[in-house]
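Each remark here refers to the structure printed beneath this line.
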There are 2 protein chains.
Amino acid sequence: MAKAATTAADEQVCCTPLLAAPLSDDDADELARGFHALADPARLRLLSLIAAQPEGEVCACDLVEPLGKSQPTVSHHLKVLYEAGLVDREKRGTWVWYRVVPERVAALRTALAEQ
Amino acid sequence: MAKAATTAADEQVCCTPLLAAPLSDDDADELARGFHALADPARLRLLSLIAAQPEGEVCACDLVEPLGKSQPTVSHHLKVLYEAGLVDREKRGTWVWYRVVPERVAALRTALAEQ
DNA sequence: CCAATATATTGACATATGTCGATGTCTATG
DNA sequence: CATAGACATCGACATATGTCAATATATTGG
């Protein structure tokens, strides 16, 4: 399984450096969606926690306590990250495992490239 | 003059790649502030428009029409970008000239580095 | 000093967002 | 099938945000 997020992961708007040429409205919208997912401390810490796992993946159940937020709040933020294409998820039995989608992170990084 | 933004430009939280190690609460807060400034299409287009100027700088008066928003709205977004340390400004007579702060953009870019 | 222009600020409004408790849904296991 | 556990969703709430019209604050020219 482990399907990538269908929402925004596809329309990557990769390789559109902000500083190179004026953004189109569509590119600006899509990029803003990506950065919006990164614009919250809880989500940044989640992303960081997921990436910190030696296996590269982590059970959602192991994210609630380190984040220090309620389970519904963690679930909400994970959903935002997923819909932004920044993380992928896979259900195994009762648990859901999350991993970072490095390509998506890199795409946003590219948008901030020198020019 | 052309002083850099006093707000966030200093506490750069540069060189703190998200994916390398779990973020501290403070780093997450500061990073989120930076990405928040990028999390709006109008601000991304502004940043892009400013960067697109051959001289590297542009009068605020020349940003209203291309952005297609009201003057107060443009002024508001420029303030957000300024307070995030992403642009610098200099008043010359009646006009205010804006330019991108590439170091700040690069700092946010570094936060998204591979690991 | 007055009029004109550029920019910032204020006030108002609708909408979006982060958060939590309560509840629903699914899955494994007696 | 009943129970327990993991996760998602719902409802509610306070707060934040994008937007504009109106107004205030410079600054330049006459």
Side-chain angles (χ1 to χ4, degrees), chain A residues 1-3 5-8 25 28-29 31-47 49-50 57-84 86-99, chain B residues 1-2 5-7 25 28-29 31-47 49-50 57-84 86-99:
Chain A
M1 299 307 134
K3 289 208 56 207
T6 58
T7 3
D25 280 25
D29 284 354
L31 259 187
R33 262 190 294 274
F35 287 126
H36 178 83
L38 298 176
D40 181 274
R43 285 195 290 272
L44 287 177
R45 292 185 51 222
L46 273 179
L47 207 54
L49 281 169
I50 298 172
E57 62 182 3
V58 60
C59 171
C61 60
D62 290 327
L63 291 171
V64 175
E65 185 263 321
L67 197 66
K69 305 275 185 185
S70 73
Q71 179 269 322
T73 297
V74 174
S75 183
H76 164 68
H77 286 306
L78 287 172
K79 183 179 185 180
V80 173
L81 288 173
Y82 176 72
E83 291 181 341
L86 286 163
V87 301
D88 196 6
R89 66 182 168 196
E90 184 180 355
K91 184 163 190 176
R92 298 186 199 146
T94 315
W95 299 276
V96 179
W97 295 79
Y98 284 84
R99 53 174 57 243
Chain B
M1 296 309 132
T6 59
T7 1
D25 281 26
D29 284 354
L31 259 187
R33 263 190 294 273
F35 287 127
H36 177 84
L38 298 176
D40 181 273
R43 285 195 289 273
L44 287 177
R45 292 185 52 222
L46 273 179
L47 206 55
L49 281 168
I50 297 173
E57 62 182 4
V58 59
C59 172
C61 60
D62 290 327
L63 292 171
V64 175
E65 185 263 321
L67 196 66
K69 305 275 183 181
S70 73
Q71 179 269 323
T73 296
V74 174
S75 182
H76 164 69
H77 286 306
L78 287 172
K79 184 180 184 178
V80 173
L81 288 173
Y82 176 73
E83 291 182 339
L86 286 163
V87 302
D88 195 6
R89 65 182 169 196
E90 183 180 356
K91 184 163 190 176
R92 297 182 200 151
T94 315
W95 300 275
V96 178
W97 294 78
Y98 284 85
R99 56 172 58 242

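We name chains A, B, ... by the order of the sequence lines, and we start the count at 1 in each one. A quick note: this is a predicted structure, and the numbers were derived from the prediction, not measured.
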Inset, instruction - For C:dG18, take OP1 and OP2 only and decide whether either is under 4.0 Å from a side-chain N or O of A:T73. - result: no
Legend entry - 5' priority, DNA chain C, between A:R92 and A:A42 [closest heavy atom]: A:A42
Legend entry - Distance, nearest 0.5 Å, that separates OG1 of A:T73 from CG of A:L78: 11.0 Å
Legend entry - Beyond-backbone contact of B:L46 with B:Y98, side-chain heavy atoms, under 4.5 angstrom: no
Legend entry - Phosphate OP1/OP2 of C:dA8 contacted by B:R89 side-chain N/O (<4.0 Å): yes
Legend entry - Side chain of A:T94 - closest among C:dG18, D:dG5, D:dT19: D:dG5
Legend entry - B:H76 side chain, from C-beta outward: closest of C:dT19, C:dT5, D:dT19: D:dT19
Inset, instruction - Drop me the distance from B:R33's CZ to B:L38's CG, to the nearest 0.5 angstrom. - result: 14.0 Å
Inset, instruction - Check each residue of residues 58-69 of chain B for a non-hydrogen atom within less than 4.0 Å of any atom in DNA chain D, then write out the ones that pass by number, or none. - result: B:K69
Inset, instruction - Verify the contact: side-chain N or O of B:H36 to OP1 or OP2 of D:dT17, cut-off strictly under 4.0 Å; return yes or no. - result: yes
Legend entry - Given DNA chain D, 5'-ward residue of the pair A:W95 and A:K79, judged by closest heavy atom: A:W95
Inset, instruction - Output the distance between atom CG (A:D40) and atom NE2 (A:H77), rounded to the nearest 0.5 Å. - result: 4.5 Å
Inset, instruction - Indicate yes or no: does B:E57 engage B:R89 in a salt bridge with an N to O separation below 4.0 Å. - result: no
Inset, instruction - Look up atom CG in A:L81 and atom CG in A:D88, then write down how far apart they are to the nearest 0.5 Å. - result: 12.0 Å
Legend entry - Interatomic distance where CG belongs to B:L78 and C1' belongs to C:dA6 [whole Å]: 13 Å
Inset, instruction - Please state how far atom CG in B:D29 lies from atom C1' in D:dA16, giving the value in whole angstrom units. - result: 16 Å
Legend entry - Nearest-Å distance for atom pair CG/P, residues B:L38 and D:dT17: 14 Å
Inset, instruction - Looking at every strand, decide which applies to B:H77 at a 4.0 Å heavy-atom threshold: base, sugar-phosphate, or nothing. - result: sugar-phosphate
Inset, instruction - Write down the distance between CH2 (B:W97) and C1' (C:dT7), rounded to a whole number of angstrom. - result: 14 Å
Inset, instruction - Check whether any side-chain N or O of B:K91 sits under 4.0 Å from OP1 or OP2 of C:dA6, and answer yes or no. - result: no
Inset, instruction - In sequence, state the C-alpha distance, the side-chain angles, and the governing distance for B:R43 and B:H36, and then conclude on side-chain contact (heavy atoms from CB on, under 4.5 Å). - result: CA-CA 10 Å; B:R43 285 195 289 273; B:H36 177 84; 4.2 Å; yes
Legend entry - Atom-pair distance (CG on B:D40; C1' on C:dT15), nearest Å: 13 Å
Legend entry - B:R33 CZ to D:dT17 C1', straight-line distance once rounded to whole Å: 17 Å
Legend entry - Sugar-phosphate, base or nothing in reach of A:R43, heavy atoms under 4.0 Å: sugar-phosphate
Inset, instruction - Determine whether any donor atom in the side chain of A:Q71 lies under 3.5 Å from an acceptor atom in the base of D:dA8, or the reverse, and answer yes or no. - result: yes
